[in-house]
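Every chain is numbered from 1, with letters handed out A, B, ... down the list of sequences. These numbers come from a predicted model, not from an experiment.
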Number of protein chains: 2
Amino acid sequence: MSESIPAGAAPRYQQIAEALIRDIERSRYAVGALLPPEPALSQHYGVSRHTVREAIRRLADMGLVSRQQGIGTRVKAKSAAQRYVAGLSDLAELMQYTQRTTLKLIGERRLQADAALASLLRCRAGQPWIEFETCRYPAAGREPISHTRIYVLPEYEGIRDELKGSVWVYGLIEKRGGEKIVEVQQEIGGAAIPAHAARLLQVKPRSPGMMVTRYYLGRRERLLSVSVNYYPENRFKLSTRWRLEWDGAKA
Amino acid sequence: MSESIPAGAAPRYQQIAEALIRDIERSRYAVGALLPPEPALSQHYGVSRHTVREAIRRLADMGLVSRQQGIGTRVKAKSAAQRYVAGLSDLAELMQYTQRTTLKLIGERRLQADAALASLLRCRAGQPWIEFETCRYPAAGREPISHTRIYVLPEYEGIRDELKGSVWVYGLIEKRGGEKIVEVQQEIGGAAIPAHAARLLQVKPRSPGMMVTRYYLGRRERLLSVSVNYYPENRFKLSTRWRLEWDGAKA
DNA sequence: AAGTGGTCTAGACCACCGA
DNA sequence: CGGTGGTCTAGACCACTTA
């Protein structure tokens, strides 16, 4: 072959990828069905098998097809699902204290969840927890940014000794138990600051604020820790950037 | 070459990929530096250039290196950064009104940003906007969930006619202008509900609530729309799930 | 002009699957 | 067994960057 390609034209494999995508969208190749084998495509488009494979690789990256040795290339979806994603390189970004902050340990107690706490912590009543009460301060200022109750499994009791300073609880859990935090569920709502927290935060009871509850889960959905945070008005903002991304995370 | 590979051994390109990863981790190739050119690697490992490219492709998929035609392959990171990601298949999930809700248009006006508004909307003073004031209601109940001021570029004035019902503004923008929303920046903080919004939300002025500001951006960071939302306490919670994912999103 | 990565060919053998 | 995708070779020309 080796026909000269017009300048500015897309590479051959990309043209073929586009052709295949069109064929999938127009249901020439139905979802669940097999694409023609690579040698057939290679002959049909008059290119080498390598070029066809390059095209199919694009489709696979987009999640449109999946390949299986010995079987073939199966159509998995009619169109590349676009989605918006947000990413964190580190869990510390979740809290977004860009400036240095200090964690102050106010108190600690062992307890068993009563009905109310069990509901908040999504566990069964009677479940034993250790509760750390903390406030977080900016390095320079005096007013605390937040009041936080941290609940951890009793087996992580020892983290108390390392809790001082600007360390993050989940880091301590990962360091000690060796259990990795695989998922964090975060709930945010407006809330009046309860009297006890208000005192520590130096605001009036029932002042407006934000309540953030975070559930830290390990492998197999195991709940390792829960934190309940109160942020008074105007001291802290949570921000998140959602970006459109093509399935497969290609730049 | 074509030495027989021991059964069960990893493919050659994978072995080479692992060797390169080791070399990067051990700083034989520093972050920011260039990997040796493909022909050199091909000769060094005694494989074809294709095989080397397959290995480097793995590294690129993991975000360890980036390639640039005419320049070379540059090391971008020492290790495949694990990260936590959250995904939305649709922007509607950002708002998370699981039940059906209705948008009620309260008012509309054209305006030019004064200093305060310009700061909020991150634009220059004098920039013309159209402001829609809306409340969102659950289907059955009476109390509104939220009060929202939506700012859009004047060119999208026409979306007013479609704003009624439970439609989402960004959908209208995409439908009309053809401009795609590529990024959404979201800021959340606790806030007292201002008097005007409080009246519509049927709460007392300065009651605790949550303020959510969302910036909708198109291609090239172009700001298309901004929404300022107030949610009273206990009527709505934002929840997000962050999951650990390996860079490159390879299963 | 020289060197880089990007694309492409025409072969080959292999591991895996279903009949 | 024949056919699938997976790996690999030994070439080739091209587009792009730097000098």
Nucleotide of dG5(D), dT9(D), dT7(D) approaching Val47(B) most closely (side-chain heavy atoms):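 Nearest to the side-chain atoms of Val47(B), counting from C-beta on, is dT9(D).
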Please tell me which of the listed nucleotides, dG5(C), dT9(C), dT4(D), lies nearest to the side chain of Pro37(B)? dG5(C)
Only distances under 3.5 Å count here; give the side-chain donor-acceptor pairs of residues 68-78 of chain A to other protein atoms, sequence neighbours excluded, each with its distance to 0.1 Å.
unit_1, atom_1, unit_2, atom_2, d
Arg74(A), NH1, Gly32(A), O, 2.7
Lys78(A), NZ, Ser27(A), OG, 2.4

Rounded to whole angstrom units, what separation is found between the [atom1] atom of [X] and the [atom2] atom of [N]?
X	N	atom1	atom2	value
Arg12(B)	dT9(D)	CZ	C1'	13 Å
His50(B)	dT7(D)	NE2	P	9 Å
Ile56(B)	dG5(C)	CD1	P	7 Å

Return yes if the base of dG6(D) and the side-chain atoms of Arg49(A) contain a donor-acceptor N/O pair under 3.5 Å, otherwise no. yes
Restricting to salt bridge (charged side-chain N to carboxylate O under 4.0 Å, His left out), what partner residues turn up for Glu25(B), sequence neighbours left out?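 Checked Glu25(B) against salt bridge (charged side-chain N to carboxylate O under 4.0 Å, His left out); zero matches.
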Would you say [X] reaches [N]'s phosphate, i.e. side-chain N/O to OP1/OP2 under 4.0 Å?
X	N	answer
Arg53(B)	dG6(C)	yes
Ser48(B)	dG11(D)	no
Arg67(A)	dT4(D)	no
Thr73(B)	dT4(C)	no

Run the ring pair (Phe, Tyr, Trp, His ring centres under 6.0 Å) test against His44(B) and tell me which residues pass, sequence neighbours left out.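 None.
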Considering only nitrogen or oxygen atoms on both sides, find all protein atoms under 3.5 Å from nucleotides 17-19 of chain C and state each distance.
none

Counting only pairs under 3.5 Å, give me each side-chain donor-acceptor contact of residues 16-24 of chain B, with atom names and distances, residues two or more places apart or in other chains.
unit_1, atom_1, unit_2, atom_2, d
Glu18(B), OE2, Gln14(B), NE2, 3.3
Asp23(B), OD2, Arg28(B), NH1, 3.4

If we ignore hydrogens and angles and just use 3.5 Å, is the side chain of Thr213(B) paired with the main-chain N or O of Val228(B) as donor and acceptor?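 Not at all, since once roles are kept as given, no pair shorter than 3.5 Å links the two residues.
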Could you tell me which residues satisfy side chain to side chain contact (heavy atoms under 4.5 Å, CB included) with Val184(A), sequence neighbours excluded, listed by chain and number? Leu91(A), Leu94(A), Ile181(A), Arg214(A), Tyr216(A), Trp242(B)
